[in-house]
Amino acid sequence: MATLMSGPTSRRIRSFVFMTTNAENPASQSCVLLKCAGQLCTAMRICRRHHCLIIVAFGATILTFIALYHDLTSELVGGPQHMAADSVSVILGNESQGKGSTINTTSLRGHGMNHLVLQSKIPAGQKITKVWPEKCKARHHIMFLKTHKTAGSTVLNVLYRYGDHWNLSFALPVHYQFGYPSLFRATWVKGHDTGQRFDLMCNHMRFRLSEVKKVMHPDTFFFTILRHPVEVAASAFSYYKSTASAFRNVSSLDSFMQNPLHFFHPGAQGNNYARNLMWFDLGLDPHKKPTQTELQKIFTSLDNIFGIVLLADYFDESMVLLRHALCWPLDDVVTFKLNSRSNASMAAISQETAVRLRQWNSLDWALYFHFNTSFWHHAARFGLARLDAEVQELRARKKVLAAHCLQGSAVEGRIINDKRFRPFQLGSVQILGYNLKPGLSREEFTRCSRFILPELQYKDRIYVRQFPSKAQARINWNHTIGSPLRRPPVGKAKA
Ligand SMILES: Nc1ncnc2c1ncn2[C@@H]1O[C@H](COP(=O)(O)OS(=O)(=O)O)[C@@H](OP(=O)(O)O)[C@H]1O
């Protein structure tokens with residue numbers, strides 16, 4: 001995060017000084033100088049907070065001095081140090097138009113190396129008009145509505161890692177899930193009877209706002225994720241083939257869509273997975289077709305509840321917008337794709353079936369259409385060029401992390417050596433997971449494992465942290481998917 005403290009000072013060298021704060025260490029503030037000469041900008045940490053205030057107080061003269069002698073100054077104020085800010089966006093304006101018209105995002109990263117942490121080309125004829133973002137505070141009160149088959153497990157991993165790191169409290173289900181497919185009830189949250197309000201909530205549920213509010217803080221930020229309904233239907237068909245009664249006696253999605261009403265009986269076991277699944281998960285009535293006016297009312301109400309609705313189909317863009325909405329560092333939304341099907345488990349969808357699926361899931365289609373539009377409005381407000389630049393940066397970091405942590409790409413469960421990283425398998429569909437690179441140090445193994453730990457294992461880990469006295473009784477330590485990464489020392493956990 002950065003707060004602009006002072007503007008340009010000289011014609012030859014344009015400089016900005018701004019404060020940075022570090023989401024990982026809010027107490028550490030420092031002062032960063034962004035110096036642009038010609039088309040090249042460099043950013044560096046120049047001093048700590050109190051020096052920054054002095055610099056700002058004395059204004060342009062000192063600033064220019066620093067800009068010219070920044071190497072020397074850097075040495076004087078303590079030499080190379082770890083950069084506190086994680087990213088700074090520079091908004092560029094067209095000189096002739098005067099106002100900012102182009103947006104460019106650059107990344108300000110420290111590696112504990114020398115002072116040079118950012119280099120960015122500024123196109124000819126443009127000038128810096130603003131340094132972004134404005135001051136913001138990382139959100140720690142969050143409710144993620146995890147819809148089914150929409151990349152929710154990957155988002156969940158982001159939240160688990162974040163909450164784990166900051167020791168935040170999670171609203172966890174008393175049993176396996178929050179009573180799904182029934183509408184959510186606050187009494188299904190473990191510890192609700194203590195009157196505790198939780199920081200994070202993110203497990204599958206059928207959404208009911210009034211009940212969720214009972215266990216969450218009043219300033220909770222709500223978000224969810226949707227996916228193209230044809231993709232959701234295809235994923236749900238293979239995953240819930242034996243769970244949904246509508247799918248059980250049909251060989252393929254094509255055959256199902258030839259005559260869905262022959263197989264589908266509303267309300268029959270598991271059939272929430274077979275039609276308008278996202279609509280259902282949002283707590284809406286799948287048996288009643290709303291009028292246009294009712295539909296608009298529903299959308300307005302959802303718009304008011306959810307601060308952002310992500311799209312699995314634009315996952316990286318979603319992560320960037322999310323991290324800005326939450327005021328989190330970019331590194332916190334770096335992910336590996338979790339819970340994906342193997343190629344062998346995927347069947348091609350014919351054009352004809354895709355059209356039928358859209359009609360069959362018309363409520364999901366209406367939802368997706370509405371939130372796809374609002375997503376891109378959100379993206380446009382953020383700035384498409386800025387978004388694109390940050391998406392590239394996110395992908396680059398993902399690549400570096402993968403090269404560091406992973407042994408190859410995602411593989412079938414049976415090929416995963418360490419049982420703790422095997423994802424839950426349902427029916428005959430193959431769900432992929434990862435092997436970690438051999439030879440990682442203990443710290444690196446722990447760090448890397450957080451990114452690939454499947455949902456159930458991570459939930460158990462958090463459960464152990466949050467309810468140490470209950471954990472041993474609840475968790476089957478020898479279970480292939482249930483054992484946590486580090487078993488608590490014998491004798492510490494009480495039944
Ligand atoms: N990062 C990213 N980008 C795009 N798509 C992704 C991503 N992560 C997961 N996925 C896909 O999401 C599907 C699994 O969704 P969920 O994790 O929500 O499933 S579940 O309801 O929790 O079982 C599953 O889809 P299918 O492979 O089509 O089944 C995953 O491949």
Side-chain angles (χ1 to χ4, degrees), residues 144-161 173 176-178 180-181 202-207 223-244 247 253 270 272-274 277-282 309-323 333-349 353-354 357 364 368 372 375 391 394-395 397-399 401-402 406 409-413 422-434 451-459 481:
F144 167 55
L145 174 62
K146 186 178 189 288
T147 47
H148 286 83
K149 296 294 149 202
T150 53
S153 306
T154 309
V155 179
L156 192 71
N157 177 268
V158 168
L159 294 166
Y160 275 164
R161 271 188 285 132
Y176 167 61
Q177 284 188 338
F178 285 129
Y180 191 87
C202 45
N203 295 103
H204 278 310
M205 68 163 65
R206 186 161 183 227
F207 189 60
F223 76 99
T224 187
I225 185 164
L226 301 178
R227 187 183 182 190
H228 194 294
V230 172
E231 301 295 326
V232 172
S235 179
F237 181 83
S238 39
Y239 199 75
Y240 299 113
K241 176 86 180 60
S242 53
T243 312
F247 295 154
L253 190 53
N272 50 297
Y273 297 116
L277 178 54
M278 295 185 288
W279 182 271
F280 182 86
D281 286 354
L282 279 159
V309 175
L310 310 177
L311 300 178
D313 319 85
Y314 296 93
F315 193 84
D316 293 337
E317 287 79 356
S318 292
M319 287 301 103
V320 169
L321 294 180
L322 176 69
R323 82 116 184 150
V333 294
V334 173
T335 56
F336 299 133
K337 190 174 182 178
L338 298 179
N339 218 15
S340 56
R341 281 176 292 162
S342 67
N343 285 340
S345 305
M346 297 210 196
I349 302 170
T353 298
L357 277 170
D364 271 7
Y368 186 76
N372 186 302
F375 180 88
V391 164
L394 179 68
R395 288 180 183 159
R397 291 191 195 186
K398 201 183 292 189
K399 228 172 162 181
L401 189 73
L406 303 181
S409 47
V411 291
E412 290 184 8
R422 286 186 189 165
F424 178 65
Q425 308 285 332
L426 187 64
S428 58
V429 68
Q430 286 296 325
I431 300 296
L432 307 182
Y434 298 90
F451 288 84
I452 63 161
L453 198 58
E455 173 177 349
L456 297 182
Q457 288 90 316
Y458 216 141
K459 181 152 65 81
I481 57 162

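One-based numbering, in listed order, for ligands and for the atoms of each. Below, all heavy atoms of this structure are taken into account, side chains as well, without hydrogens, waters or symmetry copies.
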Item checked: Plane angle bin for His204 and Tyr180 - parallel if under 30°, tilted between 30 and 60°, otherwise perpendicular ->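 Ring orientation, 0 to 90° scale: tilted.
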Next item on the list: Closest by any non-hydrogen atom to atom 13 (C) of ligand 1: pick that one out of Arg341, Arg227, Lys398.
Entry: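 Nearest heavy atom to atom 13 (C) of ligand 1 lies in Arg227.
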Check: Considering Pro423, Ser238, Ala234, Ser340, which one's heavy-atom position lies nearest to atom 30 (C) of ligand 1?
Finding: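 Shortest heavy-atom distance from atom 30 (C) of ligand 1: Ser340.
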So is there a nitrogen or oxygen of [X] less than 3.5 Å from a nitrogen or oxygen in ligand 1?
X      : result
Met346 : no
His148 : no
Asn339 : yes
Gly152 : yes

Under 3.5 Å donor-acceptor, [X] side chain and [Y] backbone:
X      : Y      : value
Lys241 : Phe247 : yes
Asp364 : Pro229 : no
Arg227 : Lys149 : yes

Notebook entry, point to check: Should Thr150 and Val232 count as side-chain neighbours, where that means a heavy-atom distance under 4.5 Å?
Noted result: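 Result yes, sub-4.5 Å side-chain heavy-atom pair found.
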Check: Counting from 1, what ligand 1 atoms have a heavy atom of Thr154 closer than 4.0 Å?
Finding: 7 (C), 8 (N), 9 (C)
Margin query: At less than 4.0 angstrom from any non-hydrogen atom of Thr147, what atoms of ligand 1 do you find?
Written below: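 Near Thr147, meaning under 4.0 Å from one of its heavy atoms, ligand 1 has 18 (O).
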Checklist line | Counterpart residues, side chain to side chain donor-acceptor pair (under 3.5 Å), relative to Glu412 (two or more places apart) | finding: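 Result, side chain to side chain donor-acceptor pair (under 3.5 Å) vs Glu412: Arg414.
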Taking heavy atoms and a distance under 4.0 Å, where does [X] meet ligand 1: side chain, backbone, both or neither?
X      : answer
Glu231 : neither
Ala312 : backbone
Leu338 : backbone

Checklist line | For the student: nearest non-hydrogen atoms of Phe451 and Arg161, plus distance | finding: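 Heavy atoms of Phe451 and Arg161 come nearest at CE2-NH1, 2.8 Å.
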